[in-house]
Amino acid sequence: MVNAQERIDAIYDVVKSRNPGETEFHQAVWEVIETLTPVLEKCPYYAQQKIIERICEPERQIIFRVPWQDDDGEVHINRGFRVGFNSALGPYKGGLRFHPSVLLGTIKFLAFEQTFKNALTGLPIGSGKGGSDFDPKGKSDNEIMRFCQSFMTELYRHIGEMTDVPAGDIGVGAREIGFLFGQYKRITNCYESGVLTGKSPSWGGALVRKEATGYGLVYFAEEMLKARNETLKDKTCVVSGSGNVAIYAIEKLQQLGAKVVACSDSGGVIFDERGINLDTVKEIKEVRRDRIKAYTDQHGDADYREQGNIWEIPCDLAFPCATQNELDEKDAQTLVANGCQAVAEGANMPCTPEAVDCFWENNVAYGPGKAANAGGVATSALEMQQNASRDAWSFEYTEKRLRQIMTNIHRDCYETAREFDLDGNYVAGANIASFRRVADAMLAFGVI
């Protein structure tokens, strides 16, 4: 009889051979399935029904051409993607990313991660992801509108509030969601507001949606600290990035009494020993859409480090909120040496496997993205509920539900890890808890 670890190794070999060159997807799969050995040993029927093999294969992968014209009349051709990974718990749910780095492997890794993140919310949503190699930077509003209209002209036939519900991600905010929804409504002759989330609150969007991932991240970190009899108050924090997730993580950290001393963008790092002035960051990033370097124009005492490394700044808590694999083993060792107590991921897979091992070996509390940054998709699911009921919820009501969801996610991860004698291992706890939720639904449906 093949033992559980040998089966896991064999599954991973097949994933690599069937998806050549997609290293991010390989990494995402391994980070989940390597923790599932104790589950297969305890519940062999998952192996008998080949649940892991099935869960590693997307249900559908769609690639399409997106032609559009710029303001000078020149024609451009981009590539669009939508991957529906798993619909055992509900319609496909996950964001659209517009960025030149987007490849099929990128979308597959994000959609695979979304399977487990969405399951952890406890809400009836499956997993998906999509996007394009289109770069919205430097484009006019009209150019972005024309691109979004072309993108939706193909995508519309594959989505629906009971089938697949996209949202925003990198490069896709309320402006892009508006253009996408307008074209969907125009083509379908249907005001199906639940088909997209991340909408403006003025026409069906959820209050708290733009804050949700950052707020939820901080709520999860707060629960991790509570489990160690610690609090956020007076903790020194660094938050990589300065986009939506980072901005609202900083906001909630400051509201709960922590001090954020650094943030960043692709150009460099701002270090403000007195504490980051969030109003300035919001004005730079949300209004002017400028580089974070401009922070020093208003705060001369702050230090801007071009192409600097934010993880070299001493802190109690670290929040990687920029992009995948931004924090490696050397960075983790630096954080440990500087006394960092906890790391919670706001981005998807921002810590390399070696960095995670370093945190685990040095008793640094580590909240993986599929658990810690699930607040965004949780609030998207709440937006779907709100749209389905033709209702409009208050900010306070929605935030209260978000906080309870993040508390529940932490509880499930913590208690599942303890069940398998892996106390404090949030990676294993998150992977096992979410896997069992998806796997049990798949078993109920038969071999499909």
Side-chain angles (χ1 to χ4, degrees), residues 27-36 39 55 85-86 89 93-95 109-123 125-127 129 212-228 232 239 245 248-249 252 317-321 324 327 341-351 353 355-356 359-360 364-382 401-420 422-439:
Q27 180 183 340
V29 169
W30 180 248
E31 286 182 358
V32 172
I33 68 175
E34 70 166 337
T35 63
L36 299 181
V39 184
I55 218 169
F85 219 100
N86 194 290
L89 296 177
K93 185 80 193 79
F109 121 66
L110 292 167
F112 181 80
E113 285 274 295
Q114 204 82 41
T115 302
F116 305 95
K117 180 190 300 186
N118 293 6
L120 282 174
T121 68
L123 299 169
I125 46 176
S127 61
K129 207 76 179 182
T213 306
Y215 279 21
L217 171 66
V218 175
Y219 291 145
F220 189 90
E222 184 180 40
E223 293 298 318
M224 286 201 304
L225 292 174
K226 282 182 184 177
R228 295 184 169 211
L232 283 169
V239 179
V245 178
Y248 291 100
K252 184 54 66 174
L317 309 174
F319 297 87
C321 296
Q324 60 263 28
L327 197 163
Q341 300 172 24
V343 177
E345 294 184 334
N348 292 310
M349 208 168 70
C351 298
V356 176
F359 295 141
W360 181 244
V364 174
Y366 165 71
K370 64 175 60 68
N373 69 33
V377 74
T379 305
S380 282
L382 296 180
R401 290 200 62 183
L402 168 64
R403 185 164 199 163
Q404 187 59 57
I405 289 168
M406 298 310 299
T407 300
N408 293 345
I409 290 173
H410 177 272
R411 178 203 63 209
D412 291 346
C413 296
Y414 187 85
E415 292 182 355
T416 301
R418 175 166 288 183
E419 176 187 343
F420 287 88
L422 297 166
D423 288 30
N425 188 334
Y426 290 99
V427 175
N431 288 342
I432 294 171
S434 56
F435 169 77
R436 289 196 298 190
R437 196 165 285 164
V438 176

A side-chain contact here means heavy atoms from C-beta on lying under 4.5 Å apart; do [X] and [Y] qualify?
| X | Y | answer |
| --- | --- | --- |
| I55 | V438 | yes |
| Y366 | M224 | no |
| C351 | F359 | yes |
| Q27 | P353 | yes |
| V377 | Q114 | yes |
| L317 | F319 | yes |
| F435 | V39 | yes |

With [X] via salt bridge (charged side-chain N to carboxylate O under 4.0 Å, His left out) - residues at least two apart:
| X | answer |
| --- | --- |
| R418 | D423 |
| R401 | none |
| K370 | E113 |

*List the steps, then state whether salt bridge (charged side-chain N to carboxylate O under 4.0 Å, His left out) holds for R436 with E419.*
CA-CA 13 Å; R436 289 196 298 190; E419 176 187 343; 3.0 Å; yes
*Please identify each residue that fulfils ring pair (Phe, Tyr, Trp, His ring centres under 6.0 Å) with Y426, with sequence neighbours left out.*
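Expected list: F220, H410.
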*For the pair N431 (side chain) and E31 (backbone), establish whether a donor and an acceptor sit closer than 3.5 Å, ignoring hydrogens and angles.*
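Indeed, once roles are kept as given, a pair shorter than 3.5 Å links the two residues.
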*Has the side chain of T416 got a donor or acceptor atom that lies under 3.5 Å from a matching backbone atom of C413?*
no
*Under the side chain to side chain donor-acceptor pair (under 3.5 Å) rule, collect the residues that match up with D412, sequence neighbours excluded.*
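Here the qualifying residues are R437.
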*Excluding sequence neighbours, so at least two apart, what forms side chain to side chain contact (heavy atoms under 4.5 Å, CB included) with E34?*
W30
*Do you know which of L120, V32, N86 makes side chain to side chain contact (heavy atoms under 4.5 Å, CB included) with T115?*
N86
*Lys/Arg N to Asp/Glu carboxylate O, R403 vs E223, below 4.0 Å*: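 Here R403 does not pair with E223 in a salt bridge, since their nearest N and O are not under 4.0 Å apart.
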